[in-house]
Amino acid sequence: MPLRQQVFESVRAGGALSRVEIARMLGVSPGSVTQAAADLIAAGYLQEVETAPRDGETTRGRPPVGLAVNPAAGTVAGIKISEAGHSAVLYDFAGGALADMTLPGAVRPLSRAEVKATVAQLLDGLLGQASITRDQVAAVGLGMPGFIDGETGQALWSSMLSDANLPLTELLSDHLGCPVIIDNDANLMTLAELWFGDGRDVSNFAVVTIEHGVGMGLVLNNRLYRGGRGLGTELGHTKVQLDGALCRCGQRGCLEAYVADYALVREASTALDWSGKDLLGPREMLSELYDHAKAGNTAARSIFRRAGRYLAVGLANVVNLFDPELIILSGERMEYDYLYADEVLRDMAAAAIQVDRPAPRVQIHAWGDLIWARGAAALALSTVTAQRLGTPGALDEASCVA
C-alpha cells in the first residue's frame with residue numbers, strides 16, 4: 001500500500017493525529033509522513049486541525065496541529081437490499097452521516113428492473129434529504145445476501161435476485177451513471193465493525209450474522225478476507241449434518257438450514273403443528289415461537305436449543321480454522337438470547353481447540369437496520385480512497401452524473 005494511502009487510513013481510523021504520531025504508528029520517518037501529508041492536503045483529502053494535548057502532556061504557545069480527513073473531499077452512499085427491509089445512508093468523506101432512509105423489504109426475489117428501480121429510489125431519496133445531486137456522489141456501495149463476487153461485480157446467486165450470474169455492478173452503474181461496488185452483506189457488516197465498531201482495535205476478528213440466513217465476514221491482519229473467488233467465509237453453507245435439512249442454496253446439511261429464520265419457522269410449523277398459521281409472516285411466527293419458549297413450552301425451547309447447538313459447532317469451527325481474537329455475533333436474530341445463551345458458548349468452547357491461552361472473546365451486537373448500509377458506505381469509501389490514493393496521478397475519479 002502506498003505511503004500516502006497508509007497515512008490517510010491511519011488518520012481515518014484514529015481521528016485527528018499529529019504527523020509524529022502517524023510516523024510512530026507506521027514505523028517510518030516523520031519527514032516521509034510530512035511529504036505524504038502535504039500531498040494529501042494539496043489534493044483536498046486531509047486538513048490541518050487543532051488538537052487537544054494528550055493525557056499528561058503540557059504545551060506552551062500555539063496549540064498542537066493534527067491531521068484530519070476533510071469531509072468535503074467527497075460523498076458516498078451505502079445501500080443494503082434484504083427481505084426484512086431495504087436501507088440506505090449517505091456519508092461525507094470523513095464518515096459523517098448526511099442522510100438515511102429505509103423502505104419495506106422484498107417478499108420475493110427481485111427482477112433486474114426491480115433492482116434498478118429500488119436502488120435508484122433509495123439513492124435519490126438520500127440525495128433529496130441532503131440537497132445534493134448525483135454528480136457529488138463518488139460511489140455507491142451495495143450489499144445483499146448470497147454469493148457475491150465483488151471483484152467482477154457479479155451476483156452469482158442471491159435469495160434477493162430472480163437471476164443468477166447477474167452483472168450487477170455494470171447493470172447499476174449504467175443505470176445510475178456512477179461507480180457501484182457490490183459485496184456480500186456479511187462482509188459489509190464486518191467492514192462496519194472495522195471502520196466504526198469494536199473491530200477498529202482488533203487485527204483478527206470474525207463477524208457472524210444471523211437473520212434470514214447465516215453469514216460471516218473475516219478480518220485477518222486488519223484486512224477483510226474474501227478468498228480466491230470472492231466467496232470466502234460462507235459459514236452458513238458449511239456442512240454440519242450429512243444429508244441433513246434442505247438449505248435454500250439447494251444443498252443439504254448447511255448450518256443455515258438449522259439456525260436461520262426460515263429453518264426455525266420450518267421446525268416450529270412441524271413441531272408445534274402450526275399449519276393454520278400460514279398467513280403469518282416469518283417474523284411474526286418467530287416472535288410467537290420465542291414467546292412460547294419463554295413461557296416454558298418444551299417443544300419451542302427445544303427448537304432454539306437445537307439451533308444453538310448447531311451454531312456452537314459452527315463457531316467452534318471458526319475458532320479452530322482462523323483463531324480470531326474476537327467473534328462478534330450480530331443480526332436481527334440476536335434478539336433471541338437462546339442463540340447466545342451460556343450453554344451455547346460452553347458448547348462452542350468445548351468443541352474448540354483447548355490450549356493454555358485465553359479463548360477468543362464473544363460479543364453480541366444487536367445493531368439496527370442501518371448498520372448494513374453503513375458497511376456498504378464503508379465499502380464505497382475504502383474503494384474510492386484506494387483508487388484515488390493508491391496510484392500516483394489518479395487522485396480524481398469519476399463520480400455519479402445527474
Do side-chain atoms of [X] reach the backbone of [Y] as a donor and acceptor pair under 3.5 angstrom?
X: D100; Y: A88; result: no
X: E211; Y: G331; result: no
X: S18; Y: G66; result: no
X: R226; Y: D183; result: no
X: E325; Y: N204; result: yes
X: D163; Y: L166; result: no
X: Q363; Y: S330; result: no
X: T209; Y: A186; result: no

Counting C-beta onward and ignoring hydrogens, is there a side-chain heavy-atom pair between V384 and R388 closer than 4.5 Å? yes

Pairwise side-chain contact, Q6 with I22, heavy-atom cut-off 4.5 Å (strictly under): no

Can you tell me how the ring of F147 sits relative to the ring of W157, calling it parallel under 30°, perpendicular over 60° and tilted otherwise? tilted

Using distance alone, with no hydrogens and no angle criterion, decide if Y258 and E267 have a side-chain donor and acceptor under 3.5 Å apart. no

Please tell me whether H365 and E193 have a donor and an acceptor in their side chains that are separated by less than 3.5 angstrom. yes

Check this for me: [X], atom [atom1], are more than 12 non-hydrogen atoms of other residues, nucleotides or ligands nearer than 6.0 Å?
X: Q129; atom1: CD; result: yes
X: R305; atom1: CZ; result: yes
X: E170; atom1: CD; result: no

